[in-house]
Trainee: 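I am attaching a structure below and will ask some questions about it afterwards.
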Amino acid sequence: QVQLVESGGGLVQAGGSLRLSCVRSARTFSTYAMGWFRQAPGKEREFVAAISWSGTITAYADSVKGRFTISRVNAKDTVYLQMNSLKPEDTAVYYCATTGNSGISYYRNDYDYWGQGTQVTDSS
């Protein structure tokens, strides 16, 4: 019923920037919160950022706070993750996800649909 497609990943040098995009498509209209998670090889999938339906409430993992910015344009059914000052430890597959309501969450289990992921690789 809901499909999410991420894009914008790639290979960047340390200190560089990328903007990830996630486009949501669904058969029926609904309000929803969006989140970004990431998973590095051998690691658990971890929370990165989330944003409410209105865009007025956002949350960030401590590891990315001050460097990453989440935003959304509901008219385009798109959420963005602006990633600045990238570090090697940011290397991971980044996943877009959506909840069934407008509230945000830090927890994987609160997200109902997931994209296929996009690879972000930071090198020296």
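All values below were derived from every heavy atom in this structure, side-chain atoms included, with hydrogens, water molecules and symmetry-related copies excluded. FYI, the numbering just counts along the sequence from 1.
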Trainee: T78 side chain to K76 main-chain N or O, any donor-acceptor pair under 3.5 Å?
Mentor: yes
Trainee: Out of L4, L20, T118, which one pairs with C96 under the side chain to side chain contact (heavy atoms under 4.5 Å, CB included) rule?
Mentor: L4
Trainee: Over all heavy atoms of both residues, which pair between S52 and R72 is shortest? Give the atoms and the distance, please.
Mentor: O-NH1, 2.9 Å
Trainee: Does any part of the side chain of Y95, heavy atoms only, come nearer than 4.5 Å to the side chain of Q39, both counted from C-beta?
Mentor: yes
Trainee: Treating Ile, Leu, Val, Met, Phe, Trp and Tyr as nodes and any side-chain heavy-atom pair under 4.5 angstrom as an edge, say whether F37 and Y60 lie in one connected cluster.
Mentor: no
Trainee: Can any side-chain N or O of Y113 pair as donor or acceptor with the backbone N or O of Q1 at less than 3.5 Å?
Mentor: no
Trainee: Check M34 against C22 and note the closest heavy-atom contact, atom names and distance.
Mentor: CE-SG, 3.8 Å
Trainee: At their closest point, which heavy atom of G103 faces which heavy atom of A33, and how far apart are they?
Mentor: O-CB, 2.9 Å
Trainee: If you measure only the distance, is there a donor-acceptor pair under 3.5 Å linking the side chains of E89 and S63?
Mentor: no
Trainee: Sub-3.5 Å donor-acceptor pair from the side chain of Q82 to the main-chain atoms of T69, do we have one?
Mentor: no
Trainee: Between T91 and D122 (side chain of the first, backbone of the second, donor and acceptor by atom type, cut-off under 3.5 Å), is there such a pair?
Mentor: yes
Trainee: With distance as the sole criterion, is a donor-acceptor pair present between the side chains of Y32 and D77 under 3.5 Å?
Mentor: yes
Trainee: Show the nearest heavy-atom pair for residues A50 and S105, with the distance to one decimal.
Mentor: CB-O, 3.9 Å
Trainee: So, for I104 and I51, which heavy atoms are closest and what is the spacing to 0.1 Å?
Mentor: CG2-C, 3.2 Å
Trainee: Calculate, to the nearest 0.5 Å, the distance between atoms CH2 and OG1 belonging to W114 and T98 respectively.
Mentor: 10.5 Å
Trainee: Using side-chain heavy atoms (C-beta onward) and a distance below 4.5 Å, is L81 in contact with V48?
Mentor: yes
Trainee: When you compare the side chain of E6 with that of Q119, does any pair of heavy atoms fall below 4.5 Å?
Mentor: no
Trainee: Is the closest side-chain donor-acceptor distance between N84 and S17 under 3.5 Å?
Mentor: yes
Trainee: If you measure from the Lys or Arg side-chain nitrogens to the Asp or Glu carboxylate oxygens, is any gap between K87 and D90 under 4.0 Å?
Mentor: no
Trainee: Tell me whether F29 is reachable from V79 by hopping between hydrophobic residues (I, L, V, M, F, W, Y) whose side-chain heavy atoms are closer than 4.5 Å.
Mentor: yes
Trainee: Nearest 0.5 angstrom please: T58 OG1 to F68 CZ, how far?
Mentor: 14.5 Å
Trainee: Within the structure provided, determine whether M83 and V12 are in side-chain contact (heavy-atom separation under 4.5 Å).
Mentor: no
Trainee: For S85, give me all partners under side-chain contact (heavy atoms from CB on, under 4.5 Å), at least two apart in sequence or on another chain.
Mentor: R67
Trainee: When you compare the side chain of V2 with that of R24, does any pair of heavy atoms fall below 4.5 Å?
Mentor: yes
Trainee: Picking from Y107, Y106, Y94, what satisfies ring-ring contact (aromatic ring centres under 6.0 Å, His included) with F47?
Mentor: Y106
Trainee: Quick one: do Y111 and V23 end up in the same hydrophobic cluster if we chain Ile, Leu, Val, Met, Phe, Trp and Tyr together by side-chain heavy atoms under 4.5 Å apart?
Mentor: no
Trainee: Is it true that a side-chain atom of N74 and a backbone atom of W53 form a donor plus acceptor pair closer than 3.5 Å?
Mentor: yes
Trainee: Cation-pi check for Y80 against R19: NZ or CZ below 6.0 Å from the six-membered ring centre and within 45 degrees of the axis, yes or no?
Mentor: yes
